[in-house]
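Right, one structure below, let's go through it.
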Amino acid sequence: MISKRIGEFIEAVGLSYYAFENSIGASRGAISKAVKDEKSVGSNVIERIISTYPQLSPNWLVTGNGDMLLSESEMPSGVTTFRLKTDVTVESQKIPLYDLEAVAGIVPLFGSAGKTKPEDYISVPHLPKCDGAVYVTGDSMRPILNSGDIVMYKILDDVKNSIFYGEMYLLGLDMGGDEYITVKYIHRSDEPEHIKLVSENPKHQPKDVPMESIRALALVKGSIRINAMF
């Protein structure tokens with residue numbers, strides 16, 4: 001049963017069902033219920049799973065034959081999208097790719113959107129409208145994002161009223177006068193005027209930060225992973 005193998009994969013990579021459902025654009029509880037009740041899964045859902053998790057073997061998922069995970073040499077380059085239900089895709093757009101070291105952080109980058117010279121452009125059809133793209137570092141969002149992946153984002157100017165809790169964001173935070181750049185899920189905090197930053201990697205603990213510490217905010221709309229073979 002495909003749904004049973006989906007559950008095995010989710011457990012193997014250490015994801016929560018909520019994070020997995022969120023990553024493939026499924027409604028909350030849709031996958032967990034299918035796994036629990038051993039129900040069939042639609043072909044469109046299977047396609048989204050395969051495109052979102054390039055390390056997963058399509059042959060194993062569909063037939064149960066072979067290994068669950070592909071070897072590094074077998075994995076294709078992939079683009080993952082993170083869409084809201086209200087998103088409208090753009091047939092063709094040139095997304096500017098910026099070097100964060102060259103622009104000295106996302107606060108000045110977002111403040112001069114359209115004026116900063118990008119190092120290159122990315123063209124991916126049928127994505128939601130994006131304002132730019134940057135490389136990410138660190139392992140806090142693994143396995144959804146690895147260090148060296150590219151995230152494409154949409155800038156949010158009204159920080160306090162623009163947050164969709166549970167979604168993934170690129171943030172610039174004021175930490176003692178220094179800018180801390182990170183990609184995290186934003187959840188509601190139990191502390192007044194705070195947000196909770198949540199990682200995908202369970203080794204990283206959630207952290208509550210003051211809302212006023214946010215200096216720049218963008219909704220992550222997609223990611224690109226390049227699997228080079230040598």
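Worth knowing before you read on, the calculation uses all heavy atoms, side chains too, and leaves out hydrogens, waters and symmetry mates. Note that the numbering runs from 1 along the sequence shown for the chain.
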Quiz item: Are F20 and M68 linked, directly or through other ILVMFWY residues, by side chains that come within less than 4.5 angstrom of each other?
Solution: yes

request  = Take K33 and K39 through the test side-chain contact (heavy atoms from CB on, under 4.5 Å) and record every step on the way to the result.
outcome  = CA-CA 8 Å; K33 184 172 177 58; K39 290 185 175 181; 3.9 Å; yes

Measure the shortest side-chain to side-chain distance between L171 and I195 over non-hydrogen atoms and say whether it is less than 4.5 angstrom. yes

What one should report as the nearest heavy-atom pair of P118 and L97 is CB-O, 3.4 Å

Test side chain to side chain contact (heavy atoms under 4.5 Å, CB included), reference Y169, set V151, V183, L156, L197, output is L156

Taking the side chain as everything from C-beta on, heavy atoms only, tell me whether I144 gets closer than 4.5 Å to D149.
no

The reported gap from CE in M168 to CG in L219 (rounded to nearest 0.5 angstrom) is 9.5 Å

The side chain to side chain contact (heavy atoms under 4.5 Å, CB included) partners of R188 (sequence neighbours excluded) come to Y165

Interatomic distance, CD1@I181 vs CG@L109, rounded to 0.5 Å, equals 9.0 Å

| Side-chain donor or acceptor of D208 paired with backbone N/O of H194 under 3.5 Å | no

Mutual orientation of the aromatic rings belonging to H187 and Y18 [parallel < 30°, tilted 30-60°, perpendicular > 60°]: perpendicular

So, does S189 use its side chain to make a donor-acceptor pair with the main chain of E191 at under 3.5 Å? yes

Crowded around D158 CG? As in, over 12 foreign heavy atoms under 6.0 Å? yes

Side chains of D174 and E212: does their closest heavy-atom pair fall under 4.5 Å? no

inquiry  = Treating R48 as the side-chain partner and I24 as the backbone partner, does any N or O pair qualify as donor plus acceptor under 3.5 Å?
reply    = yes

What one should report as the nearest heavy-atom pair of I95 and C130 is CD1-CB, 3.9 Å

Strictly distance-based, threshold 3.5 Å: is any side-chain N or O of E47 a donor or acceptor partner for the main-chain N or O of G42? no

The side chain to side chain contact (heavy atoms under 4.5 Å, CB included) partner of I6 among L61, L56, V45 is L61

In terms of heavy-atom contacts, Q93 and L127 come closest through NE2-O, 3.5 Å

field: Side-chain donor/acceptor of T63 to backbone N/O of N59, under 3.5 Å
entry: yes

V159 and I163 have their tightest heavy-atom pair at O-CG1, 3.4 Å

Residues I10 and I31: closest non-hydrogen pair is CD1-CG2, 4.0 Å

To the nearest 0.5 Å, atom CD of E167 lies from atom OG of S162 at 13.0 Å

Next on the checklist: Quick check: is M1 connected to I46 through a chain of hydrophobic side chains (ILVMFWY, heavy atoms under 4.5 Å apart)?
Outcome noted: no

Hey, does the side chain of E119 reach the backbone of Y98 with a donor-acceptor pair shorter than 3.5 angstrom? no

Here the pair of heavy atoms bringing P206 nearest to V198 is CB-CG2, 4.3 Å

Can you tell if the side chain of D67 reaches within under 4.5 Å of the side chain of W60, non-hydrogen atoms only? no

Hydrophobic cluster membership, V124 vs Y121, 4.5 Å side-chain cutoff: no

| Between E193 and K160, is there a salt bridge with N-O shorter than 4.0 Å? | yes

Distance col, row I49:CD1 vs E21:CD, nearest 0.5 angstrom, shows 10.0 Å

Close side-chain approach of K184 and L170, heavy atoms under 4.5 Å:
no

- prompt: Backbone N or O of S199 within a donor-acceptor pair of the Q205 side chain at under 3.5 Å?
  reply: no

Quiz item: Got a donor-acceptor contact below 3.5 angstrom from the H204 side chain to the P202 backbone?
Solution: no

Item to complete: Measure from the side-chain N and O atoms of E200 to the backbone N and O of S140, and report whether any donor-acceptor pair falls under 3.5 Å.
Response: no

Those residues at least two apart in sequence (or on a different chain) that pass side chain to side chain contact (heavy atoms under 4.5 Å, CB included) with M175 are L173, Y180, K207

